[in-house]
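Structure first, commentary second.
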Amino acid sequence: MLDIRFVRENPEAVQENARKKGYDVDIARILERDAEKRALLQQVDELRERRNANASKMQGGKPDQATIDEGRAIKAELVEKETALNVVDTEFLTLLKKVPNMAAEDVPVGASEDENIVAKTVGTPTTFDFEPRNHADIANERGWLDKERAAKVAGSRFAYIKGDLVRLQLAIVQFVINALSDETVLAGIAINANVAVSLKPFTPVLPPLMIRTELYDAMDRLEPQDERYKLENDDLWLQGSAEHVLGSMHANEIFEESDLPVRYLGYATSFRREAGTYGKDMEGILRMHQFDKLEMESFATKETGMNEHLFFVAIQEYLLTQLEVPYRVIQKCTADIGKPNARGIDMEAWLPGQQQYRETHTADYMTDYQARRLNTRVRRESGELELIHTNDATAFALGRAMIAIIENGQNADGTIRVPVALRPYLGGKEVI
RNA sequence: GGAGGGGUCGCAUAGUGGUUUAGUGCACCGGUCUUGAAAACCGGAGUGGGGCAACUCACCGAGAGUUCGAAUCUCUCCCCCUCCGCCA
């Protein structure tokens, strides 16, 4: 949620920003409700002051009838004003929550994802001296995938992942945890990307996979609800990304500035209903209802939040490079970065089986937009309290990472080249 | 699932209807004293909203209710702890 004071002071900019991001909001109406709310609040405060004064006349003794009558009269008026205030405030908050975060200055303006910009391309599409196949063919042939039985048990878009593919996933997990725990590796990434940033290692986390409605909404990730799995008997949802449960982890808490940045590397199974994607990407494991993901999350100050974002992007590039996958970096336009985002970057990996780049990573910078409703703050060294800035970014969505490794590393005989960085975690094997 | 005990301004606690706009201790900040420090003493200090300001309102897990008046009474819910049951 945006700061209402910011909205009051910059109504045109906020309105224009919403338009560029494709959100239909009426800033003038919000400001009207804001003014009404403040007028009512003053009246309510004044009535409460009178109520308190009237009641405190009676300290230590029984009230006389005149005082009781006076108190009743005040209460009647107070109830009326409070009810009105409640109505206005509810509408005000509902409207304010719909206003998207301000896009950073360098976010390209665009009406749809078609206007995203390819910021750079690293590596070249992998070439083969045979006809490359897609990961589904290879994985089926190797006995790594069983979607038929998964469909029997759980329905479409589920899979049994088996054998060496499981070993590959766990190797990636180990590799990433080790890399992001290593200050030397982080230093190399920061220097290479020319980003001034703390080298504090990430703490690996296995988070809860469920989240309460209140916190999901505060994260601004509950919508679209069609995309979420709801647990009917509880006030709980299955998270759609470790971001949801890592970002909400410190709700209603205060960090000390000296402890920042706080960086987590979450490993979690994520759940998505994939509503409206019927028939799309049905082959293999590109788009599943359930997938495992390594996700970075950090809490930083307003001064360091943007560099933290750039660092996350640099880490993503490092990880893709280590896995020997050609990729390109997409700077998402205003229509595509998402409501709580100030900035958003995607990585797209080259998939020879599809002969195209497909999204494997996202990096999101939310400034203080999430923190405002999460009430996650930092006590600055000056003693001042202010809202934290949040960042999240994919380290690897394991399914898509393995697709990239399989398709780019495939040999004519159906074996797969193991990226050098992963070999220590696969018993030194060069192929699987 | 059953029984019981709890949730108060960073931490620990006091507070069962009216000098509680929440007291005290620790920690914290400023000062006095001291060569310096400690101790002692004096003073300050929570979070959020409204207001140019004086000031004022809200917040004692959350929400609703009773009352002239609620941290305190009632109801619903959440969380934590102990024990029992069940269970990976």
Original post:
Do the ring planes of A/Y229 and A/F271 sit parallel (below 30°), tilted (30 to 60°) or perpendicular (above 60°)?
Top reply: perpendicular
**OP:** Rounded to whole angstrom, note down the P distance from B/U74 over to B/G18.
**Re:** 15 Å
Original post:
Can any side-chain N or O of A/N101 pair as donor or acceptor with the backbone N or O of A/P340 at less than 3.5 Å?
Top reply: yes
**OP:** Answer with base, sugar-phosphate or nothing: what part of the nucleic acid does A/R50 contact at a heavy-atom distance below 4.0 Å?
**Re:** nothing
**OP:** Return the 5'-most residue of the pair A/R8, A/I68 with respect to RNA chain B, ranking by each residue's nearest nucleotide.
**Re:** A/R8
Original post:
Quick one: is B/G69 close enough that its OP1 or OP2 comes under 4.0 Å of any side-chain N or O from A/K75?
Top reply: yes
Original post:
A/L385 near the nucleic acid: base, sugar-phosphate alone, or nothing, with a heavy-atom cut-off under 4.0 Å?
Top reply: sugar-phosphate
Original post:
So, is A/R377 near the phosphate of B/G48, with a side-chain N or O under 4.0 Å from OP1 or OP2?
Top reply: yes
**OP:** Apply ring pair (Phe, Tyr, Trp, His ring centres under 6.0 Å) to A/F396 and list each qualifying residue two or more places apart in sequence or on a separate chain.
**Re:** A/H361
Subject >> Considering all heavy atoms, the nearest A/V44-A/L78 contact >> reply: O-CD1, 3.8 Å
Subject >> For A/F92, all residues meeting ring pair (Phe, Tyr, Trp, His ring centres under 6.0 Å), sequence neighbours excluded >> reply: none
Original post:
Taking the C1' atom of each, how far is B/C9 from B/G44, in whole Å?
Top reply: 15 Å
Original post:
What is the pairing partner of B/A40, taking Watson-Crick or G-U wobble pairs with both distances under 3.5 Å in any strand?
Top reply: B/U32
Original post:
A/N52 side chain N/O closer than 4.0 Å to the phosphate oxygens (OP1, OP2) of B/C57?
Top reply: yes
Original post:
Say you pick atom P in B/U67 and the same atom in B/U16; how far apart are they, in whole Å?
Top reply: 23 Å
Subject >> Nearest-angstrom distance, P atom, B/G15 to B/G65 >> reply: 29 Å
Original post:
Can you find an N or O donor on one side and an acceptor on the other, under 3.5 Å apart, linking the side chain of A/D45 with the base of B/G49?
Top reply: yes
**OP:** Considering only atom P, compute the distance from B/U72 to B/U66 and round it to an integer number of Å.
**Re:** 15 Å
Original post:
Is the phosphate of B/C57, meaning OP1 or OP2, less than 4.0 Å from a side-chain N or O of A/R48?
Top reply: no
Original post:
Counting only Watson-Crick or G-U wobble pairs whose two distances fall under 3.5 Å, which nucleotide matches B/C59?
Top reply: B/G46
**OP:** Considering only atom C1', compute the distance from B/U56 to B/C52 and round it to an integer number of Å.
**Re:** 15 Å
Subject >> Whole-Å P distance, B/G36 and B/A45 >> reply: 28 Å
Original post:
Can you check whether A/R51 has a side-chain N or O nearer than 4.0 Å to OP1 or OP2 of B/G69?
Top reply: no
**OP:** Report the base-pairing partner of B/G69 (Watson-Crick or G-U wobble, both distances below 3.5 angstrom), or none.
**Re:** none
Subject >> Nearest-neighbour nucleotide for the A/R38 side chain, B/U56, B/G51, B/C68 considered >> reply: B/G51
Subject >> Pairing partner (Watson-Crick or G-U wobble, both distances under 3.5 angstrom) of B/U21 >> reply: none
Subject >> Rounded distance in Å between the P positions of B/A39 and B/G48 >> reply: 31 Å
**OP:** May I ask you to decide if A/R50's main-chain N or O and A/N54's side chain share a donor-acceptor pair within less than 3.5 Å?
**Re:** no
